[in-house]
2 protein chains.
Amino acid sequence: MVEKILVADDHGIVRYGLMMMIRKIRPDVLVEEAQDYSIVLEMAKKTPYDLYILDVSMPNGSFLNAYTLLKKYSPQCKILIFSSLDEEIYAMRYIESGADGFLNKLASEQEMQNALEKIFNNGKYVSDAVKDSLVFYKKSKSKGRQLDQLSNREIAIANMLVSGKSLKEISQELHLHVSTVSTYKTRIFEKLQIQSLPDLIKVLDLNN
Amino acid sequence: MVEKILVADDHGIVRYGLMMMIRKIRPDVLVEEAQDYSIVLEMAKKTPYDLYILDVSMPNGSFLNAYTLLKKYSPQCKILIFSSLDEEIYAMRYIESGADGFLNKLASEQEMQNALEKIFNNGKYVSDAVKDSLVFYKKSKSKGRQLDQLSNREIAIANMLVSGKSLKEISQELHLHVSTVSTYKTRIFEKLQIQSLPDLIKVLDLNN
DNA sequence: ATGTATTGTCGTAAATTTACTACATAAGTA
DNA sequence: TACTTATGTAGTAAATTTACGACAATACAT
């Protein structure tokens, strides 16, 4: 049973909304908040939570890194991704990376309550739309959208590049060698058949 | 005095959070919600609101268009932009376009409550940071947009950069030394107070 | 099950970009 | 007008990024 929840999102209003909603659904659980990855990890280290509701695109960290540590602190914890990314593209990626659920911010209050209810019980959730696309996910992934050509790591790095981070910054953030990040960049450009950062921005904007 | 509010955002949790927060601060006001521009306009047409809290990046419409119509339906209405865009870059643009306030989603619960309180009373709000940059903004240049700060040459080069050209390419095209182009780039970044190419793209898009 | 393609990761050398510094000229201002 | 600031332009050294080449570990298809 879920008893302690940590809500993490850089937008204050989102944290507020989530906390209010959770308290309404489960008045008895303890809900706390964090606004970036580093704070999440800090709080989790001190006292592990049963459920983490994370906006993946937060400052000071990355999902992959956070995931590893959170599971280390409390292996049985649940992680729900709460994101504004297109769920049909990203949901499965995160689930495969270990998340226990994916909920899009576009969701209505009702959907969100359903999702939370479900997670409070069995700890798993994806929307029906995602389930549907999952059916033919494995088959049709040959073509589909351009972004599907990229691996998770590549997508993560593409996003960081688009946000204006330099190779060096990315390498530090992810604890990788600069040349590793450079290779990712090269591969991303190759796969998407582009040759500049502005091109990448266009492609990514197009896909979300 | 504000009596009827329409909260518009495509993210359900944001609407939920805002409505909860408003009801807590002013239990007596009527708050309703909409998830895109077309719904906002439809609702506003039926019954005008005193205050519109709008996320500018919503589907089915644009701020400029919505602004015109909303003011037509009820000229004295207030419009507050509630956005995740960087306020120091975007706030003034929206204020100049007629918005009555700009509030960033990164704000904490407390800050947001302060802002809302203020808006309920005098119908105006921008963060102190924005006010500061406003002072500087008005003082430095008559009014105009950021691009006015750039010289013609700088604008030309900014556009080439945004189109994805490298320093080397630009230098060849313009028959300049690479370091000259580099200096232009540095000055452009300084003047616009940005630090990456993606930032430049945003600024230029804004001033299209 | 086995070979092929993809992914994650580096190292090194070469190419490009940045950070400063400089300076002459044009513009703007007191 | 004299003074200050903005603009167009480079040079050099340092920092960053790119191009390639490698290689182990997966993943995938036959």
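Quantities reported herein were computed from a predicted structural model and do not represent experimental measurements. We name chains A, B, ... by the order of the sequence lines, and we start the count at 1 in each one.
Nucleotide dT9(D) holds its P atom 5 Å from the CG atom of Leu176(B), rounded to whole Å. Atom CD1 in Ile188(B) sits about 10 Å away from atom P in dG8(D), given to the nearest Å. Look at CD on Gln195(A): it is 15 Å from C1' on dT18(D), rounded to the nearest Å. Separating the CG atom of Asn152(A) from the C1' atom of dA27(D) is a distance of 13 Å, rounded to the nearest angstrom. Computed from coordinates, the Glu190(A) CD to dC20(D) P distance equals 10 Å when rounded to whole Å. One interatomic measurement links the two molecules: CD of Glu154(B) to P of dT5(D), which rounds to 17 Å at whole-angstrom precision.
Between Tyr49(A) and Tyr52(A), the ring-plane angle classifies as perpendicular under the 30° and 60° cut-offs.
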Steps toward side-chain contact (heavy atoms from CB on, under 4.5 Å) verdict (Leu70(B), Leu41(B)): CA-CA 7 Å; Leu70(B) 292 179; Leu41(B) 293 175; 4.0 Å; yes
Residues Asp55(B), Phe82(B); criterion side-chain contact (heavy atoms from CB on, under 4.5 Å); working and verdict: CA-CA 5 Å; Asp55(B) 170 20; Phe82(B) 184 60; 5.6 Å; no
Trace of the side-chain contact (heavy atoms from CB on, under 4.5 Å) decision for Tyr184(B) with Leu161(B): CA-CA 11 Å; Tyr184(B) 280 125; Leu161(B) 287 170; over 6 Å; no
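Heavy-atom contacts from other residues, nucleotides or ligands closer than 6.0 Å to CG of Asn152(B) number 12 or fewer. By the neighbour-count criterion of 12 heavy atoms within 6.0 Å, atom NZ of Lys45(A) is sparsely surrounded, having that number or fewer from other residues, nucleotides or ligands.
Using a 4.0 Å heavy-atom cutoff across all strands shown, Ser182(A) reaches at least one base atom of the nucleic acid. Residue-level contact check: Thr183(B) touches the bases, meaning some heavy atom is under 4.0 Å from a base atom.
One axis for each end of the helix from dA1(C)-dT30(D) to dA30(C)-dT1(D), each built from five base pairs, and the angle between them comes to 50° at 10° resolution.
At a cut-off of 3.5 angstrom, counting only N and O atoms as typed in the model, there is no donor on one side facing an acceptor on the other between the side-chain of Thr186(A) and the base of dA19(D).
Taking the nucleotide of DNA chain C with the nearest heavy atom to each of Ser179(A) and Lys168(B), the more 5' of the two is matched to Ser179(A). Of the two residues near DNA chain D, Lys165(A) and Arg187(A), the one whose nearest nucleotide lies more 5' is Lys165(A).
A side chain to side chain donor-acceptor pair (under 3.5 Å) with Arg15(A) is found for exactly one of Gln35(A), Glu33(A), Glu32(A), namely Glu33(A).
Checking Asp199(A) against Ser196(A) by side-chain atom types alone, a donor-acceptor pair falls below 3.5 Å.
Put simply, chain B comes within 4.0 Å of DNA chain C, heavy atom to any atom, from dT16(C) to dA22(C), going 5' to 3'.
Remark: Lys165(A) pairs with Glu173(A) by the salt bridge (charged side-chain N to carboxylate O under 4.0 Å, His left out) rule, at least two apart or across chains.
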